[in-house]
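Single-structure report; data block below.
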Amino acid sequence: MARHLITSALPYINGIKHLGNMVGSMLPADVYSRYLRQRGHDVLYICATDEHGTPAELAAKERGLPVDEFCAQAHDAQKAVYDGFELAFDYFGRSSSAQNAEITQHFARKLNENGFIEERAIRQVYSPTDGRFLPDRYVEGTCPYCGYDKARGDQCENCTRVLDPTDLIDPRSAISGSTDLEVRETKHLFLLQSKLQQEVEAWIDEVGDAWPQLASSIARKWLTEGLHDRAITRDLDWGVPVPADTWPELAAEGKVFYVWFDAPIEYIAATKEWADAAPADEVRDWKSWWYEADDTVRYTEFMAKDNVPFHTVMFPATELGVREPWKKVDYVKAFNWLTYYGGKFSTSQKRGVFTDAALDVLPADYWRYFLIANAPESDDSSFTWEHFTATVNKDLADTLGNFVNRVLSFSKKRFGDEVPAGGTPGAAEENLGTEIARLLAEYEEQMEALQFRKAAAALRALWSAGNSYLEEKSPWLEIKTDPEAAALTLRTAMNLIHLYAVISEPFIPATAKTMRGVFALEGDTAPWVTPAEASALVTVPVGTSFTVPPVLFAKITDEDLEAFRVRFGGGE
């Protein structure tokens with residue numbers, strides 16, 4: 001089987017992420033990773049918190065904490081939420097790791113040796129009060145376009161205009177509040193992307209046609225507009241330091257690498273963190289996943305569309321420029337936006353549902369299924385509480401949950417707590433097996449193609465097939481005239497429950513585990529369902545003990561819906 005390297009865009013450190021972040025990268029990567037593992041592939045799913053940059057320093061300042069302490073606490077808080085969503089990372093690292101500093105500095109040295117880094121003088125805002133140059137986000141003031149008095153030096157959050165610090169009216173330092181600001185000359189390192197444009201274009205031509213149109217079109221748009229040389233250092237206290245052995249003057253001034261230079265390198269570094277964290281009796285070869293791995297590893301990245309340029313153009317340019325055989329992405333799965341009632345989720349404005357609050361309201365599987373079934377693949381999609389409620393009640397509570405409950409409850413009442421024998425399968429069972437095998441093949445095809453909405457639709461169709469069979473056979477009527485026929489129907493339906501438990505695991509892992517645990521099957525470790533098993537539906541032998549689980553999915557009531565609207569807004 002193939003080796004699959006999977007990464008999702010690194011969540012930024014300053015705060016718990018909202019549902020849009022979850023469905024735009026981490027959750028689909030987890031669903032795909034789980035599916036591949038079940039199919040027998042060797043999978044390494046890597047992610048990390050993105051901890052450098054101005055927002056981390058500002059967030060730490062607001063909390064009154066040293067930035068390293070703030071990042072450590074925020075990392076643990078985010079990881080707890082992702083554990084709650086059952087994201088099965090092989091490793092969830094930190095871009096502030098020693099491994100990332102080591103590999104980032106190595107990349108910078110190699111780029112410099114190969115003539116792709118240049119030291120240039122630029123003019124930047126300086127605060128005598130703070131005794132430092134101020135990155136764009138460290139300058140605040142009044143927006144000249146809309147009058148918003150808390151606009152940042154890079155962008156006005158109110159009107160979204162892109163700004164330069166010198167555009168602001170009454171600019172002030174975000175650190176001290178001082179208005180005593182000057183514009184001074186300072187030196188920074190620039191990555192000469194313009195010299196790498198043709199190589200990036202050739203690489204995109206080689207691999208980009210296989211990507212979704214969203215990813216390939218964004219990458220080609222940036223290339224058409226031309227790659228510009230980009231500053232890759234900043235005047236910050238927190239970040240990967242510029243190595244003194246290569247740039248002693250800049251190192252002495254405390255320059256660090258720009259967060260968007262070191263963050264993608266953290267994918268590699270987090271893999272090294274994973275290897276370094278191995279138990280004493282386990283050897284993990286991190287480099288085999290990244291170095292000279294083009295023929296042995298398939299690398300898939302998951303991200304929202306705003307991250308596409310960095311991953312399809314800028315980071316590949318960096319990898320090409322080091323002139324070493326580092327693995328580049330094979331497939332970029334990009335997503336559009338998930339909106340909240342048609343408007344943007346906003347971390348800073350606390351608009352929408354955030355992942356910690358989501359888990360406070362309902363278990364993870366409710367969210368996992370809804371988000372993937374409505375993933376913004378071809379266009380932006382909107383979260384509304386009405387749509388969420390309808391999906392949960394129809395698909396999870398009625399179609400799957402009710403099927404499991406009524407089959408097991410009725411069988412226990414009429415035949416006891418063991419799978420009944422019943423008669424010989426007939427035409428209805430043969431037709432059901434054929435349909436289940438067909439739908440399973442469709443489900444597998446869509447999962448292999450990373451078409452998550454279509455995969456969810458195929459999974460839903462598999463669940464519905466069981467309900468159609470139950471309605472056709474009506475064991476509650478069969479029991480009156482032909483108990484053997486009723487027993488056969490229930491035995492077949494129980495085998496469907498076990499099949500559903502196995503194949504639903506990528507979407508709803510906690511519920512799948514509960515469903516699988518219903519049956520006292522010794523050595524029940526089969527990772528997937530073969531076409532023959534799907535057709536025959538005899539995995540659960542006659543006489544197997546079973547239990548009736550609690551309700552798998554509780555319906556969302558009108559009162560619940562109103563409470564959600566009041567707590568989170570929306571639907572006015």
Does the ring-ring contact (aromatic ring centres under 6.0 Å, His included) test come out yes or no for Y32 and Y45, once each step is laid out? CA-CA 10 Å; Y32 186 55; Y45 177 24; 9.9 Å; no
Taking the side chain as C-beta and beyond, is there a heavy-atom pair between F335 and V23 under 4.5 Å? no
With a 3.5 Å distance limit and no angle check, can you tell me whether S176 reaches the backbone of D130 through a side-chain donor-acceptor pair? no
Cation over ring, K333 on Y331, under 6.0 Å and within 45°? no
So ring-ring contact (aromatic ring centres under 6.0 Å, His included) across residues 139-163, not counting sequence neighbours, yields none
Aromatic plane relationship, F354 with H18 - under 30° parallel, 30 to 60° tilted, over 60° perpendicular: perpendicular
Are any non-hydrogen side-chain atoms of V297 and L44 less than 4.5 angstrom apart? no
For E185, check salt bridge (Lys or Arg N to Asp or Glu O under 4.0 Å) against everything at least two apart and list the hits. none
I'd like to check the salt bridge (Lys or Arg N to Asp or Glu O under 4.0 Å) partners of D164; sequence neighbours left out, ordered by chain and number. none
Please check if the side chain of W238 supplies one atom and the backbone of E51 the other of a donor-acceptor pair under 3.5 Å. yes
I'd like to know if the side chain of W211 and the backbone of D330 have a donor-acceptor N/O pair within less than 3.5 Å. yes
Quick check: do M314 and Q193 have side-chain heavy atoms less than 4.5 Å from each other? yes
Test item: R94 and I13 side chains (from C-beta on) under 4.5 Å apart, heavy atoms: no
Kindly say whether the aromatic ring centers of H188 and F133 come within a distance under 6.0 Å. no
Kindly give the heavy-atom pair with the smallest separation between A458 and E442, and that separation in Å. CB-CG, 3.8 Å
Between H106 and E324: side-chain donor-acceptor atoms closer than 3.5 Å: yes
Between the main-chain N or O of S173 and the side-chain N or O of S127, is there a donor-acceptor pair closer than 3.5 Å? no
Check the pair E505, R37 against salt bridge (Lys or Arg N to Asp or Glu O under 4.0 Å), reporting the backbone distance first and the verdict last. CA-CA 11 Å; E505 191 268 342; R37 291 189 192 105; over 6 Å; no
Determine whether a donor-acceptor pair (N or O, by modelled atom type, separation under 3.5 Å) exists between the side chain of E119 and the backbone of K187. no
For R34 and A88, the nearest pair of non-hydrogen atoms, with its separation, is NH2-CB, 3.8 Å
A373 meets the side chain to side chain contact (heavy atoms under 4.5 Å, CB included) criterion, sequence neighbours left out, with Y369, A456, R460
Less than 4.5 Å apart, side chain to side chain, heavy atoms only: is that true for L338 and M22? no
To the nearest 0.5 Å, what is the distance between OG on S381 and CG on N336? 8.0 Å
Is it true that, when you exclude K328 itself, more than 12 heavy atoms of the residues, nucleotides or ligands shown sit nearer than 6.0 Å to its NZ? yes
Quick one: list whatever passes salt bridge (Lys or Arg N to Asp or Glu O under 4.0 Å) with D235, sequence neighbours left out. K255
Give me the atom names and distance for the closest heavy-atom approach of I103 to A269. CD1-CA, 3.8 Å
Sequence neighbours left out, what passes side chain to side chain contact (heavy atoms under 4.5 Å, CB included) with P241? Give chain and number order. Q105
Please work out which of the three classes, parallel, tilted or perpendicular, describes the rings of F507 and Y443, given edges at 30° and 60°. tilted
Strictly by modelled atom types, are T355 and Y82 linked by a side-chain donor-acceptor pair under 3.5 Å? no
May I ask you to decide if T7's main-chain N or O and E301's side chain share a donor-acceptor pair within less than 3.5 Å? no
As a test of understanding, state which of F310, F315, Y12 forms a ring-ring contact (aromatic ring centres under 6.0 Å, His included) with W260. F310
Does some side-chain heavy atom of N100 sit less than 4.5 Å from a side-chain heavy atom of I265? yes
R368 side chain to F85 main-chain N or O, any donor-acceptor pair under 3.5 Å? yes
Quick one: side chain to side chain donor-acceptor pair (under 3.5 Å) partners of R298, sequence neighbours excluded? none
Rounded to the nearest 0.5 Å, what separates atom OG1 in T233 from atom OH in Y258? 11.5 Å
Taking atom CD of Q446 and atom CZ of F452, what is their separation to the nearest 0.5 Å? 11.0 Å
Set of residues satisfying side chain to side chain donor-acceptor pair (under 3.5 Å) with respect to Q99, sequence neighbours excluded: D276
Would the F261 and F107 ring centres measure less than 6.0 Å apart? no
Contacts of R234 that satisfy salt bridge (Lys or Arg N to Asp or Glu O under 4.0 Å) - sequence neighbours left out: none
Is it true that a side-chain atom of D229 and a backbone atom of F190 form a donor plus acceptor pair closer than 3.5 Å? no
I need the T142 OG1 to D167 CG distance, nearest 0.5 Å. 12.5 Å
What pairs meet the ring-ring contact (aromatic ring centres under 6.0 Å, His included) rule with one or both residues in residues 61-80, with sequence neighbours excluded? H75-F92
Hits for side chain to side chain donor-acceptor pair (under 3.5 Å) against S97, two or more places apart or cross-chain, chain-then-number order -> E273
Does L223 reach the side chain of Q197, with side-chain heavy atoms less than 4.5 Å apart? yes
Using atom types as modelled and distance alone, determine if a side-chain donor or acceptor of D90 lies under 3.5 Å from a backbone N or O of I46. no
When you measure from the side chain of N114 to the backbone of V322, do you find a donor-acceptor pair of N or O atoms at a distance under 3.5 Å? yes
Salt-bridge present (K221, E225; N to O < 4.0 Å): yes
May I ask you to check whether E448 and Y35 show a side-chain donor-acceptor distance below 3.5 Å? yes
Only counting residues at least two apart or in another chain, list the ones meeting side chain to side chain donor-acceptor pair (under 3.5 Å) with S33. none
Got a sec: does the CD of Q198 have more than 12 other heavy atoms crowding it under 6.0 Å? no
So that I know where these two stand, are Y299 and W289 an aromatic pair - ring centroids less than 6.0 Å apart? no
Which value, rounded to the nearest 0.5 Å, describes the distance between R184 atom CZ and R123 atom CZ? 11.0 Å
Closest non-hydrogen atom pair between V31 and P506, with its separation: CG2-O, 3.3 Å
Check whether any side-chain heavy atom of N112 lies under 4.5 Å from a side-chain heavy atom of W247, and answer yes or no. yes
